[in-house]
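Working notes, beginning with the structure itself.
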There are 2 protein chains.
Amino acid sequence: MSESLLKRCQSVGIRLTEQRRVVIRVLENSADHPNVVEVHVRALQIDPQISIATVYRTVKLLEELGLLEKYDFGDGLSRYEDAEREHHDHLIDIKSGQVFEFCNEQLETLQVGIAKRLGFELRGHRLELYGVPLKKKQNE
Amino acid sequence: MSESLLKRCQSVGIRLTEQRRVVIRVLENSADHPNVVEVHVRALQIDPQISIATVYRTVKLLEELGLLEKYDFGDGLSRYEDAEREHHDHLIDIKSGQVFEFCNEQLETLQVGIAKRLGFELRGHRLELYGVPLKKKQNE
DNA sequence: ATAAATGCAAACGCTTTGCAAGTTT
DNA sequence: AAACTTGCAAAGCGTTTGCATTTAT
């Protein structure tokens, strides 16, 4: 397990305000991929005064510092998660919107190879699988 | 090669107005992934009166009909391309923004397998590789 | 003390939409 | 003729920002 988000924020030396600590804590305690409004709602439970502008500013700052990963699963909302979490991709259930995580070494290797063959050094990727739950044999 | 976008529009039976024909023609002649403003600019060269609202409405309609594929390469702009084009994924050059296409069977198969293992039937995916050009041996 | 962060509200940029006028079938 | 599409301008929506005030260092 790697350092906490808070520790990493301290390492990079950003000013640790009350509000930033709250946002950081919310993200540390989130195992999902909350959008900004969701982060704000969770933050309000800790600090009922915190404004959404501050949440926007904070997640943007942390993303630019490489401490958060930003996602968009197609609904036009920016979602965030701790960048230090084990690398993984996402599978989105198109029926429920639920998001599952997975990681596949073969996939990672394959991608590096594809990029190289195209003349590129892979710096990042975004893979999302969209699917529907497999129906069990008996029904439908 | 499959049917032209125009033909497929006729098949699904949407009303073919002047403006829709223009947008369709623009997309048929585009080998890249134009965003809405770009589609509009290209359309204006054919019909100097066409409004961007109509372009927005048309690409949205065609996407909902499954005739166009919508992409967002991270700049927050919606980009469109003919859905019938040979399936492929994208590699984006982070330096220049240029987009390259590729297709890899192994990758496709792997994804289906991953989804299945998670209990899902794969309905679609989105894969984007982000990279920088490999430097040739002599320079840098 | 000072440089930076906050909250508010206004502004932004892309996209959508209400409506009157014009088109397609 | 009826149903639908267009263009315009206004509204929507997520996100950003100017500014006066507050806060961390």
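Side-chain atoms are counted along with the backbone in the values below, which use heavy atoms only and exclude waters and symmetry mates. In what follows, chains are A, B, ... by sequence order, proteins preceding strands, each numbered from 1.
Between A:Y56 and D:dT16 there is no side-chain polar atom (N or O) within less than 4.0 angstrom of OP1 or OP2. Contact check, B:S78 against C:dT15: a side-chain N or O comes under 4.0 Å of OP1 or OP2. Within the 4.0 Å cut-off from OP1 or OP2 of C:dG7, at least one side-chain nitrogen or oxygen of A:Q19 is found.
With distances taken from any side-chain atom of B:T17 to the nucleotides D:dT5, D:dT15, D:dT23, the minimum falls on D:dT5. Looking at the side chain of B:R15, the nearest of the listed nucleotides C:dC14, C:dT6, D:dA3 is D:dA3. When distances are taken from the side chain of B:L77 to each of C:dC8, D:dT25, C:dC14, the shortest belongs to C:dC14. In this structure, the nucleotide among D:dT15, D:dT6, C:dT15 sitting nearest to the side chain of A:V36 is D:dT15. The listed nucleotides are D:dC8, C:dT15, D:dT15; the one nearest the side chain of B:A53 is D:dC8.
Atom CD1 of residue B:I14 and atom CZ of residue B:R20 lie 5.0 Å apart, to the nearest 0.5 angstrom.
Contact check for A:E69 versus A:H87: no side-chain heavy atoms found under the 4.5 Å cut-off.
Of the possible donor and acceptor atoms, none in the side chain of A:Q19 sits under 3.5 Å from a partner among the backbone N and O of A:I50. Not one N or O on the side chain of B:Q98 forms a donor-acceptor pair closer than 3.5 Å with the backbone of B:D93.
Across the protein-nucleic acid pair, A:L61 atom CG and D:dT16 atom P stand 12 Å apart, rounded to whole Å. Look at CD1 on A:I52: it is 9 Å from C1' on D:dG14, rounded to the nearest Å. When rounded to the nearest whole Å, the span between CZ of B:R57 and C1' of D:dA9 equals 12 Å. Going from atom NZ of A:K70 over to atom C1' of D:dT16 covers 11 Å, rounded to whole Å. Between the CD1 atom of A:I14 and the C1' atom of C:dA3 there is a distance of 15 Å, given to the nearest Å. Taking atom CZ of residue A:R20 and atom C1' of nucleotide D:dT23, one finds them 11 Å apart after rounding to whole Å. Atom CG of B:L16 is separated from atom C1' of D:dT6 by 15 Å (rounded to the nearest Å). One can place NE2 of A:H40 at 10 Å from C1' of C:dG7, the figure rounded to the nearest angstrom.
In summary, the aromatic rings of B:F100 and B:F102 are positioned with their centroids too far apart to meet the 6.0 Å limit.
Residue A:I50 is classed as a sugar-phosphate contact, given heavy-atom separations below 4.0 Å to backbone atoms only.
Between B:R21 and A:T54, the residue anchored closer to the 5' end of DNA chain C is A:T54, taking for each the nucleotide with the nearest heavy atom.
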